[in-house]
Amino acid sequence: MLSFIWKFRSFLRPFRFRLGVAVVTMVLLDAFGYVLPELVRYLTDNVYSRIHEPGMVRHMIIVCGFLLASALLRGLFSYTMIRSFWSVSESLVRDIRNALYDKIQHLELAFYDQARVGDLMSRITNDIQLIRNFFSWGIEHRLRIFLLTATIFVLMLILHWQLALCIYAVLPVFFLILLKYSKKMAVAVDRKQEQIGSFASRIQENLTGIRVVKAFAMEGEEIEKFTVENRELKERETELSLLQMYLNPLLLLLNGIGSMIIVVFGGYMVTQGTLTIGVLLGFMTYLGIMGWPVGMLAMNTSLINQAKGAGRRILEILESPDQKRMDTGTKTDAFKGGLAFKNVSFAYHDGSEVLEDINFTIEPGEKVAMFGLTGAGKSTLISLIPRFYPPTKGVIEIDGTDIQEWDLRSLRSQIGIVLQETFLFSTSIRENIAYGKPDAGFDEVRAAARHAQIDNFIMELPEGYDTIVGEQGIGLSGGQRQRIAIARTLLQDPKLLILDDCTSSLDAITEHKIQMQLKELMKGRTTIVISQRVAAFALVDRIIVMSKGTIQDIDSHSRLMKRNALYRDTYQSQVIELPTEIS
C-alpha cells in the first residue's frame with residue numbers, strides 16, 4: 001500500500017495537512033475505543049464486587065460518564081476522519097483526472113495508432129473510480145486494520161502475556177493465507193481491468209460504426225460479439241469476487257480459533273485462580289474489537305489490489321513520452337512558407353518503411369500538388385510537416401530551419417490542414433468553424449463559410465450558424481462536413497496550407513466553385529494539394545509524383561504528360577468520356 005501511495009506522492013503533496021488530520025483523528029478514534037475493554041475489566045474486578053461499599057455507586061456513575069464521553073468523542077473523531085479522507089480523495093482524483101486528460105491531449109499520434117478509444121475511456125472513468133475508492137476508505141481501513149491488530153496485541157500482552165501469545169500463535173498462518181490470496185487477486189484484477197477496457201472498446205466501436213452495422217444488417221453478429229465480451233467480463237468479475245469470498249471465511253475461522261483459545265485456556269486459568277474473570281472478559285472484548293479488522297481485511301485486500309491494477313494502467317499513460325517533453329523548439333517567427341525535405345525517410349514502429357529518401361523544395365508562396373495512387377505515402381508525408389510523427393531519417397525545414405527547432409504550438413498554428421476524413425464537434429456550426437480561432441467575430445466566420453461555399457446552406461437552417469451538429473457531424477452530408485472543415489481552416493489564415501483530398505466528397509460543380517475560391521485564397525500562401533482528381537492540379541505550379549513511398553518525378557502538368565507514364569495514364573483515364581450506351 002505504501003509503495004502505491006508513493007507513486008502518487010506528487011498528487012498527494014498539496015493535501016498533506018488534510019491527510020494528516022484524517023490519520024490523527026483515525027488514531028484518536030481507535031484509541032478511545034481501547035478504553036472500553038479496560039473499563040469493563042475495571043468495573044468487573046474492582047467495582048461490581050464492592051458495589052455495596054460506600055461511594056462505589058458514585059464511582060460506577062463516574063466510570064459510565066467516561067464511557068459516554070468516550071462515545072461522544074469517538075463520534076466527533078469519526079466525522080472528522082471520514083470528511084478528511086473523502087475530501088482528500090475527491091480532490092486527488094480531480095487532479096489525477098485533469099493530469100490524465102492533459103496527458104492524453106499531448107500524446108503523440110503514434111500512441112493512438114495502437115490505443116483503443118474505449119480502453120482509454122475506461123482508464124479515465126472506471127480506473128479513476130478505483131483510485132478514488134482507495135483514497136476514500138482503502139487507506140483508512142488498511143491503517144486501522146494494522147494499528148488495531150498491533151495495539152490490541154500489545155494491550156493483551158500487558159493484560160496477560162501468556163494468554164496473548166496463545167491467541168496470536170495463529171498469526172503466521174493468518175499472514176501466509178493473506179499473502180497467497182493477495183498474489184492471486186493481483187492477477188485477477190489485471191485480467192478484469194483489461195477486459196473492462198476491451199468491453200468499453202467494443203461498445204465505442206459499435207456506436208461509432210452503427211450506420212455501417214445497419215447498412216450490412218449485422219445487428220445480430222454485433223449482439224453476439226457483445227454477448228461474448230459481456231460473458232468474459234462476468235467471468236473475470238466472478239473470479240475476483242470468489243477469491244474475496246474464499247478469503248473472508250478463512251479469516252473469520254482464524255478469528256473463531258482465537259475465541260476458542262480464550263474460552264478454553266482462559267477458562268482453565270480462571271478455574272486455577274491464575275486469571276480473573278475481569279481479565280477474561282477484557283480479552284473477549286478485545287477479540288470482539290478485532291472482529292472488524294478481520295471482517296474488513298478480505299474486502300480491503302481486494303480494494304487495494306484493484307487500486308494497484310488501476311494505478312498501473314493510469315501511470316502507464318502518465319509516464320508515456322509526449323509532445324511536451326519532446327517540444328524543445330523555441331522559434332516562434334511568422335512563416336514565410338518555404339519548405340524543404342532533405343533525405344527524409346519514415347517507418348512506423350513495426351518497422352514497415354512508408355517513405356524512403358524524400359527530397360524536394362517548395363518556395364514561399366508556391367503551389368504544389370502531390371499525386372500518387374492509393375498507398376503511395378502522400379498523407380504520411382504531409383503528417384510529418386506539423387510533427388505528428390518524427391521522421392526516421394533526414395531533416396524537414398521551414399524557412400531554412402529544422403522543424404524540430406520551431407516551437408510546436410507556433411509551428412502548428414501557422415499550418416492549416418484540411419484532411420480527407422473530416423471531424424466536427426458536437427457543438428454549433430459557428431463554434432466548429434471558429435475552433436482554431438475562438439475569438440473570431442461572426443463576420444469573419446461567415447466570410448470563411450462563404451469562401452468554402454457553405455454559407456447559403458447554413459443560413460437556410462432554422463437556427464443558422466447556431467445550429468448544433470450531431471456527434472461527428474451526423475445530420476450533415478459528407479460534402480457539407482467537408483466544406484465546414486475547409487471554412488475552419490481558412491479562418492485560421494495559415495501561411496502554409498495543406499489540402500488532403502479535401503474535395504473528394506463534393507460534387508463536380510461545388511468542387512469547381514470551391515477551387516475557384518481556393519485559387520484566390522492560395523495567393524501569398526505556400527500550398528500543398530493532395531488529390532486523386534487531376535482536375536485539382538490546375539491550381540498548382542508543380543506536381544510531385546509519388547509511387548510506393550518514393551518520389552518518381554517533379555514537374556509541371558505539361559512536362560509530366562510527356563515523360564511520366566503513371567501521371568499521363570491516370571490523367572487520360574479521368575478525362576476520357578465513357579460511352580453512354582453499353583451494347
Side-chain angles (χ1 to χ4, degrees), residues 1 3-5 7-8 10-12 85-107 111-112 114-142 182-209 222-223 225-245 298-320 322 426 471:
M1 183 189 74
S3 65
F4 176 76
I5 294 173
K7 291 177 182 178
F8 288 92
S10 61
F11 293 101
L12 270 173
F85 270 121
W86 278 73
S87 175
V88 169
S89 71
E90 297 297 346
S91 300
L92 182 79
V93 163
R94 175 203 62 202
D95 291 350
I96 294 175
R97 192 182 288 118
N98 284 340
L100 193 59
Y101 193 79
D102 178 87
K103 186 74 175 186
I104 287 173
Q105 300 306 303
H106 291 95
L107 288 171
F111 174 87
Y112 294 99
Q114 306 295 327
R116 295 177 299 176
V117 175
D119 182 61
L120 292 177
M121 291 176 63
S122 174
R123 299 188 194 212
I124 297 175
T125 53
N126 183 69
D127 290 351
I128 286 286
Q129 184 66 23
L130 293 175
I131 299 294
R132 172 183 172 276
N133 293 344
F134 171 78
F135 284 102
S136 293
W137 61 78
I139 294 179
E140 173 214 336
H141 288 172
R142 179 51 61 100
S182 290
K183 291 180 178 179
K184 289 185 176 181
M185 280 184 179
V187 175
V189 164
D190 285 341
R191 287 158 61 90
K192 175 188 171 183
Q193 295 303 100
E194 289 174 5
Q195 184 57 33
I196 289 175
S198 176
F199 181 75
S201 294
R202 164 59 52 193
I203 297 173
Q204 183 269 331
E205 287 176 1
N206 176 268
L207 295 178
T208 302
E222 286 295 315
I223 292 171
K225 291 177 183 177
F226 178 84
T227 302
V228 171
E229 291 280 359
N230 200 19
R231 182 170 61 246
E232 186 71 17
L233 178 58
K234 179 253 183 186
E235 291 174 359
R236 298 286 76 79
E237 289 177 332
T238 302
E239 178 185 14
L240 184 59
S241 299
L242 286 175
L243 285 171
Q244 182 178 327
M245 289 165 57
M299 186 180 75
N300 183 256
T301 301
S302 175
L303 187 150
I304 289 177
N305 275 287
Q306 290 186 66
K308 285 169 63 179
R312 280 194 296 271
R313 285 162 53 82
I314 289 172
L315 291 172
E316 183 182 338
I317 296 179
L318 291 177
E319 294 172 357
S320 297
D322 60 28
S426 301
E471 188 173 359

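A search for salt bridge (Lys or Arg N to Asp or Glu O under 4.0 Å) contacts involving Glu229 returns nothing, not counting sequence neighbours. For Thr125, there are no side-chain hydrogen bond (donor to acceptor under 3.5 Å, both in side chains) partners two or more places apart in sequence or in a different chain. Taking Asp127 as the reference, Gln193, Arg313 meet the side-chain hydrogen bond (donor to acceptor under 3.5 Å, both in side chains) condition, with sequence neighbours excluded. Applying the side-chain hydrogen bond (donor to acceptor under 3.5 Å, both in side chains) rule to Arg94 yields no partners; only residues at least two apart in sequence or on another chain are considered. Contacts of Lys225 classified as salt bridge (Lys or Arg N to Asp or Glu O under 4.0 Å), with partners at least two apart in sequence or in another chain: Glu222. By the side-chain hydrogen bond (donor to acceptor under 3.5 Å, both in side chains) test, Glu232 pairs with Arg236, sequence neighbours left out.
Side chains of Leu318 and Phe11 form a contact here, defined as non-hydrogen atoms less than 4.5 Å apart. Looking at heavy atoms from C-beta onward, Phe85 lies in side-chain contact with Ile139 at the 4.5 angstrom threshold. With a 4.5 Å cut-off on side-chain heavy atoms, Lys192 and Gln306 count as touching. Considering only heavy atoms from C-beta on, Ile304 stays 4.5 Å or farther from Phe4 through its side chain.
From Leu130, atom CG reaches atom CD1 of Ile314 across 8.0 Å, with rounding to the nearest 0.5 Å. Rounding to the nearest 0.5 angstrom, the gap separating the CG atom in Asn133 from the OG atom in Ser89 is 8.5 Å. Residue Asn305 holds its CG atom at 13.0 Å from NZ of Lys184, rounded to the nearest 0.5 Å. Expressed to the nearest 0.5 Å, how far OG1 of Thr227 lies from CZ of Arg202 amounts to 11.0 Å. To the nearest 0.5 Å, atom CZ of residue Arg97 and atom CD of residue Gln129 are 8.0 Å apart. Of the inter-residue distances, the one linking Arg132 atom CZ with Leu92 atom CG reads 11.5 Å to the nearest 0.5 angstrom.
Without hydrogens or angle criteria, Ser320 side chain to Glu316 main chain gives a donor-acceptor distance under 3.5 Å.
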In sequence, state the C-alpha distance, the side-chain angles, and the governing distance for Lys234 and Thr238, and then conclude on side chain to side chain contact (heavy atoms under 4.5 Å, CB included). CA-CA 6 Å; Lys234 179 253 183 186; Thr238 302; 3.9 Å; yes

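Ring geometry, Trp137 versus Trp86: the interplanar angle falls from 30° to 60°, so the pair is classed tilted.
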